[in-house]
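Reading through the structure tokens given below for one structure.
Worth knowing before you read on, the calculation uses all heavy atoms, side chains too, and leaves out hydrogens, waters and symmetry mates. Lettering of chains follows the sequences in order, A, B, ..., and the numbering in each one begins at 1. Predicted model only: the values in this text are computed from it and were never measured.
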There are 2 protein chains.
Amino acid sequence: MAVIDRKKLIIEAAAKSFSLYGYKATTMDQVAKLANVGKGTIYTFFKTKEELFDEIINSLIADIRFEVESAMDDSAWILENVDRVLSRVHEFRKSHQLTIKLIQEERDMGTQTVVEAMQRVEQSIIQYMKAIIQKAIDKGEIKTCDPEVTAFVMLKMYFSLVNDWQRNHPPLKKEEIVTLFELYLLKGLLN
Amino acid sequence: MAVIDRKKLIIEAAAKSFSLYGYKATTMDQVAKLANVGKGTIYTFFKTKEELFDEIINSLIADIRFEVESAMDDSAWILENVDRVLSRVHEFRKSHQLTIKLIQEERDMGTQTVVEAMQRVEQSIIQYMKAIIQKAIDKGEIKTCDPEVTAFVMLKMYFSLVNDWQRNHPPLKKEEIVTLFELYLLKGLLN
DNA sequence: TAATGACCATTTGAATAAAATGGTCATTAT
DNA sequence: ATAATGACCATTTTATTCAAATGGTCATTA
């Protein structure tokens, strides 16, 4: 008879529950029930609820990394890659249940653990954008600059345009955003 | 005997109290006491607490406008002006008690009235930045672009750099911020 | 040896009572 | 007359309390 991989069951159950109810509203009893496992068993694999949550966030980060890396094209130039990566991230955020739930929990309740987790996710996105930018600098496509600040600014600008702008204005189309990115960050405003 | 300008007293007291305690923690009794005025008197000038608050926010907006406009030099070119305006706004935000308190209240408690007020302040800053940008376009200093989106992006980028960046990194110096601004938005990253 | 769930200390949340607050208006002062 | 006032009221906010829920443990069981 097959030995049941309890750790896997727990992780799956936790992922499901965090996606459905968020961090705070997920209880360890619930996860145990969902995983068909005794509550104590969870604690043989994860020291705390937060550690279990971190495991789930790690796979989220890995998923995003996969999404981003499959969008990248090393032969394409930087604007193309930045655009692809950012729009993939955006699509991901809009469609991925766990992400949606956590963004909501962060905004509405400000749960500390969730804020920190989202911070970690953002940092990891910045890390891969940093690599893209470094490559572009090496190739001589763009000026020498701090790749991390640059990645940070790009991400913030992108999210401002897709999230904040439409609070007071009709949303920008995808191509408009690319055009704005090109104008502001790459070509520059100066004549 | 001099007739006391009670409206003025009320406004001064309110400004002081909102600066000291924020919106929620300021009570109408308190304002009345501070202004040496009966509570009912406040209501002969302002229909509600929110209306009183709006009055204070209006002067805040006017103060910022004055600060920005006195920093501007129409004969200077845009890089110079961007530098001056940003530095002034930066100093203002750091030193102006009311602004500090309201930013804090918005972040920590999310008071609806405060969120809306800050939104209004932001919108008004964007409006005069828009005018500045339009002027630069007319003078041919910068490329043709939508002045409002441009103002919006500039402001968001500025706030990202001064507020969000230092959550994970040592804060950027004023001159660094100006340099980054010039690099990203004006000169552009392209080689 | 691995898994479990009854159990425990602490935290959370519901219920309620008490205090505080925004706003009104009959009365008072000018 | 008009302007100012503060006691007063309805509603909201806060403090208190206590039961239910929760994260985590560990002696028992498989």
Sidechain N-carboxylate O distance under 4.0 Å for [X], [Y]:
X: A/Lys101; Y: A/Glu105; answer: no
X: A/Glu69; Y: A/Arg88; answer: no
X: B/Asp138; Y: B/Lys135; answer: no

Handout entry: Single-linkage hydrophobic cluster, 4.5 Å side-chain cutoff, A/Val68 and A/Phe92 together
Key = yes

Fill in the blank from the handout: For DNA chain D, the expected dot-bracket line (Watson-Crick or G-U under 3.5 Å, [ ] crossing, | inter-strand) is ||||||||||||||||||||||||||||||

If you restrict it to nitrogen or oxygen atoms, what contacts under 3.5 Å exist between nucleotides 1-6 of chain D and the protein, and what is each distance?
residue : atom : partner : partner atom : Å
D/dA4   : OP1  : B/Arg6  : NH1          : 3.1
D/dT5   : OP2  : B/Gly38 : N            : 3.0
D/dT5   : OP2  : B/Thr41 : OG1          : 2.5
D/dG6   : N7   : B/Gly40 : N            : 3.3
D/dG6   : O6   : B/Gly40 : N            : 3.3

Side-chain donor/acceptor pairs under 3.5 Å, residues 15-22 of chain A, sequence neighbours excluded:
residue : atom : partner : partner atom : Å
A/Ser17 : OG   : A/Thr26 : OG1          : 2.9
A/Ser17 : OG   : A/Gln30 : OE1          : 2.9
A/Ser19 : OG   : A/Ala15 : O            : 2.8

Problem - Close approaches to DNA chain C from residues 103-117 of chain A, in residue order (heavy atom, under 4.0 Å) - result: none

Handout entry: Any residue of residues 47-56 of chain B with a heavy atom less than 4.0 Å from an atom of DNA chain C
Key = B/Thr48, B/Lys49

Handout entry: A/Lys33 NZ to D/dA21 P, straight-line distance once rounded to whole Å
Key = 12 Å

Contact check, side chains of [X] and [Y], non-hydrogen atoms, under 4.5 Å:
X: B/Trp165; Y: A/Glu148; result: yes
X: B/Glu175; Y: B/Val178; result: no
X: A/Val85; Y: A/Tyr158; result: no

Over all atoms of both residues, closest heavy-atom pair of [X] and [Y]:
X: A/Lys174; Y: A/Ser87; answer: CE-CB, 3.7 Å
X: A/Tyr23; Y: A/Thr111; answer: CD2-CG2, 4.1 Å
X: B/Thr150; Y: A/Tyr184; answer: OG1-OH, 2.7 Å
X: B/Val149; Y: B/Asp146; answer: N-OD1, 3.2 Å

Practice task
Would you indicate whether A/Lys143, at its atom NZ, is surrounded by more than 12 heavy atoms from other residues, nucleotides or ligands within a distance under 6.0 Å?
Solution key: yes

Practice task
In sequence, state the C-alpha distance, the side-chain angles, and the governing distance for A/Gln119 and A/Gln123, and then conclude on side-chain hydrogen bond (donor to acceptor under 3.5 Å, both in side chains).
Solution key: CA-CA 6 Å; A/Gln119 195 66 234; A/Gln123 263 309 311; 5.1 Å; no

Problem - Contacting residues from residues 15-29 of chain A, given that a heavy atom lies under 4.0 angstrom of DNA chain D - result: A/Thr26, A/Thr27, A/Met28

Practice task
Please determine which of B/Leu34, B/Asp5, B/Asn36, B/Leu52 meets the side-chain contact (heavy atoms from CB on, under 4.5 Å) test together with B/Ile10.
Solution key: B/Leu52

